[in-house]
Amino acid sequence: QVRLVESGGGSVQAGGSLRLSCAASGYTYSASCMGWFRQAPGKEREAVARISVRDITAYADSVKGRFTISRDNAKNTLYLQMNSLKPEDTAMYYCAAPGDGGRTWFMGCVFGNWGQGTQVTVSS
């Protein structure tokens, strides 16, 4: 199965920026739709963004215009640039890739493999 390792999380003040990275291994990364999800305490996991094989991007309405998802296929790495962060962005952020038995869908992609997550905390 694919192995995903997130990094780049941290604590910032409202209005600040962070860039999350996801290193992928164990599969053909360039042939996969990749995504970012997040989960805050007491809330359900929600989709943030996804990027297709042809680098077509899609975003949740809550982050559109502030977050940018991208990929570097040569490095097998997925990124999430987060600008103008708000306290409501505070959550554990997970990198997602296709996997056997995947049942989580977002904008035409299905996900079943997840990283360990990286914490993002935005203070007001």
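Every heavy atom of this structure was used, including side-chain atoms; hydrogens, water molecules and symmetry mates were not.
Residues satisfying the side chain to side chain donor-acceptor pair (under 3.5 Å) test with Ser17, not counting sequence neighbours, are Asn83. Under the rule for a ring pair (Phe, Tyr, Trp, His ring centres under 6.0 Å), the partners of Phe37 that lie at least two apart in sequence or sit in another chain are Phe111, Trp114. Residues satisfying the side chain to side chain donor-acceptor pair (under 3.5 Å) test with Tyr93, not counting sequence neighbours, are Arg38. Under the side-chain contact (heavy atoms from CB on, under 4.5 Å) criterion, Ala14 pairs with Pro87, Val122, not counting sequence neighbours.
Counting only residues at least two apart or on different chains, no side-chain hydrogen bond (donor to acceptor under 3.5 Å, both in side chains) pair has a member in residues 4-14.
Contact record, Leu80 with Ala49: CD1-CB, 4.4 Å, taken as the closest heavy-atom pair. What you find for Thr77 and Ala23 is that their closest heavy atoms are OG1-CA, 4.4 Å. When all heavy atoms of Met107 and Ala58 are compared, the pair lying nearest together is CG-CB, 3.6 Å. Listed here is the closest heavy atom pair of Met34 and Cys95: CE-SG, 3.9 Å.
Under the 4.5 Å side-chain criterion, counting only non-hydrogen atoms from C-beta, Leu78 is in contact with Ile51. Side-chain contact between Tyr59 and Thr57: present, with at least one pair of heavy atoms (C-beta onward) separated by less than 4.5 Å. Counting only heavy atoms from C-beta outward, the side chains of Arg50 and Cys33 approach each other to under 4.5 Å. In this structure, Thr104 and Arg45 have side chains that are in contact, with non-hydrogen atoms separated by less than 4.5 Å. A heavy-atom distance below 4.5 Å is not found between the side chains of Thr121 and Val12.
Phe106 and Ile69 end up in different hydrophobic clusters when Ile, Leu, Val, Met, Phe, Trp and Tyr side chains are linked at under 4.5 Å. In terms of hydrophobic clustering, with Ile, Leu, Val, Met, Phe, Trp and Tyr side chains grouped at heavy-atom distances under 4.5 Å, Val48 and Tyr94 are assigned to different clusters.
By the 4.0 Å N-to-carboxylate-O rule, Asp89 lies too far from Lys86 to be salt-bridged with it.
Here Gln81 contributes atom CD and Arg66 contributes atom CZ; the two are 12.0 Å apart, rounded to the nearest 0.5 Å. If you take OH on Tyr79 and CZ on Arg19, they are separated by 5.0 Å, rounding to the nearest 0.5 Å. Note that CD of Glu46 is 14.5 Å distant from CH2 of Trp36, once rounded to the nearest 0.5 Å. Atom CE of Met92 is separated from atom CD of Gln119 by 4.5 Å, given to the nearest 0.5 angstrom. Here OG of Ser70 is found 8.5 Å from CG of Asp55. Values are rounded to the nearest 0.5 Å.
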For Leu85 and Phe67: C-alpha separation, side-chain torsions, deciding distance, then whether side chain to side chain contact (heavy atoms under 4.5 Å, CB included) applies.
CA-CA 9 Å; Leu85 284 163; Phe67 291 10; 3.9 Å; yes

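Counting Ile, Leu, Val, Met, Phe, Trp and Tyr side chains that sit under 4.5 Å apart, directly or through other members, Val110 shares a hydrophobic cluster with Trp105.
No more than 12 heavy atoms of other residues, nucleotides or ligands sit less than 6.0 Å from atom CD of Gln116.
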